[in-house]
Amino acid sequence: MDERAVRKARNETWFRDVNERLELHAGLRAGPPPTFEIVCECDREACTERIEVGFAAYERVRRDSTAFIVVPGHADTEIEHVVARRDAYEIVSKLGAAAAVAELSDPRNGA
Ligand SMILES: [Zn+2]
C-alpha cells in the first residue's frame with residue numbers, strides 16, 4: 001500500500017470519528033436536528049474548518065464508507081475525487097489504498 005495515501009486516509013477517518021460523535025451529541029440534546037456543525041474531513045491535520053451540514057445529507061454520506069465531507073477546495077486529488085458539490089461543502093470519494101483504509105476503519109462497519 002502507498003504509505004502516504006494510507007496516512008492521509010487515516011487523518012480523514014479520524015475526522016469522521018469526530019463528526020460521528022458530534023452528530024450523536026447534537027441528536028441527544030433535542031432529537032435529530034435539521035442541521036448541525038461538523039469538522040472538515042479533509043486530510044490536512046491542521047485543518048479546523050467547520051461545516052454546517054443537513055442531518056439527512058450527513059446520514060446519506062455516511063452510508064458510503066469511502067465518502068467524506070470537506071470544505072470546497074480541500075479535496076486531495078491524490079487520494080480522492082469530488083463526487084458532489086454543495087454551497088457549503090463538497091463530497092469526496094476515496095480512491096485505491098485510501099478507500100480501503102476508509103472502509104476498514106468505518107465505525108458503522110463495526111470497526
Ligand atoms: Zn479541511
Side-chain angles (χ1 to χ4, degrees):
M1 267 198 205
D2 177 345
E3 269 181 44
R4 255 164 60 89
V6 169
R7 194 175 62 243
K8 286 177 174 182
R10 288 222 174 99
N11 288 344
E12 298 196 344
T13 59
W14 189 84
F15 286 126
R16 176 175 62 194
D17 289 347
V18 170
N19 286 336
E20 288 285 83
R21 285 195 290 274
L22 286 172
E23 184 201 31
L24 187 67
H25 194 72
L28 285 177
R29 264 183 315 198
T35 67
F36 66 111
E37 200 174 62
I38 63 168
V39 295
C40 176
E41 296 174 346
C42 77
D43 62 15
R44 307 171 194 192
E45 279 172 65
C47 178
T48 55
E49 291 204 42
R50 301 286 179 132
I51 302 167
E52 186 78 20
V53 64
F55 189 80
Y58 178 82
E59 279 298 308
R60 273 197 300 278
V61 171
R62 281 292 91 92
R63 271 181 228 141
D64 180 351
S65 295
T66 62
F68 289 79
I69 301 167
V70 302
V71 167
H74 284 206
D76 182 340
T77 53
E78 269 185 35
I79 59 164
E80 62 208 0
H81 65 278
V82 177
V83 291
R85 290 193 163 84
R86 304 284 181 261
D87 287 341
Y89 59 89
E90 291 176 346
I91 299 168
V92 298
S93 183
K94 292 273 168 288
L95 304 164
V101 171
E103 279 177 7
L104 289 170
S105 61
D106 188 347
R108 298 197 182 194
N109 285 345

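When a residue number appears, it is its place in the shown sequence, counting from 1. In listed order, ligands and their atoms are each counted from 1.
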Task: Shared-cluster residues of V82, by chain and number - hydrophobic side chains joined below 4.5 Å - done: F68, V70, V92

Task: Contacts of type side-chain contact (heavy atoms from CB on, under 4.5 Å), residue F36, not counting sequence neighbours - done: E23, A26, P33, I38, V53, F55, Y58

Open item on the list: For the backbone of E103 and the side chain of N109, can you confirm whether one donor and one acceptor N or O come within less than 3.5 Å of each other?
Closed with: yes

Kindly list each side-chain donor-acceptor pair under 3.5 angstrom involving residues 83-90, sequence neighbours excluded, with atom names and distances?
from : atom 1 : to  : atom 2 : distance (Å)
R85  : NE     : E90 : OE2    : 3.1

Task: Hydrophobic cluster identity match, I69 and V18, side-chain contacts under 4.5 Å - done: no

Task: Protein N/O/S atoms closer than 2.8 Å to the Zn ion (ligand 1) - done: C40 SG, C42 SG, C47 SG, H74 ND1

Open item on the list: I'd like to know if E59 pairs up with R108 as an ion pair, taking the criterion as any Lys NZ or Arg NE/NH1/NH2 lying under 4.0 Å from an Asp or Glu carboxylate oxygen.
Closed with: yes

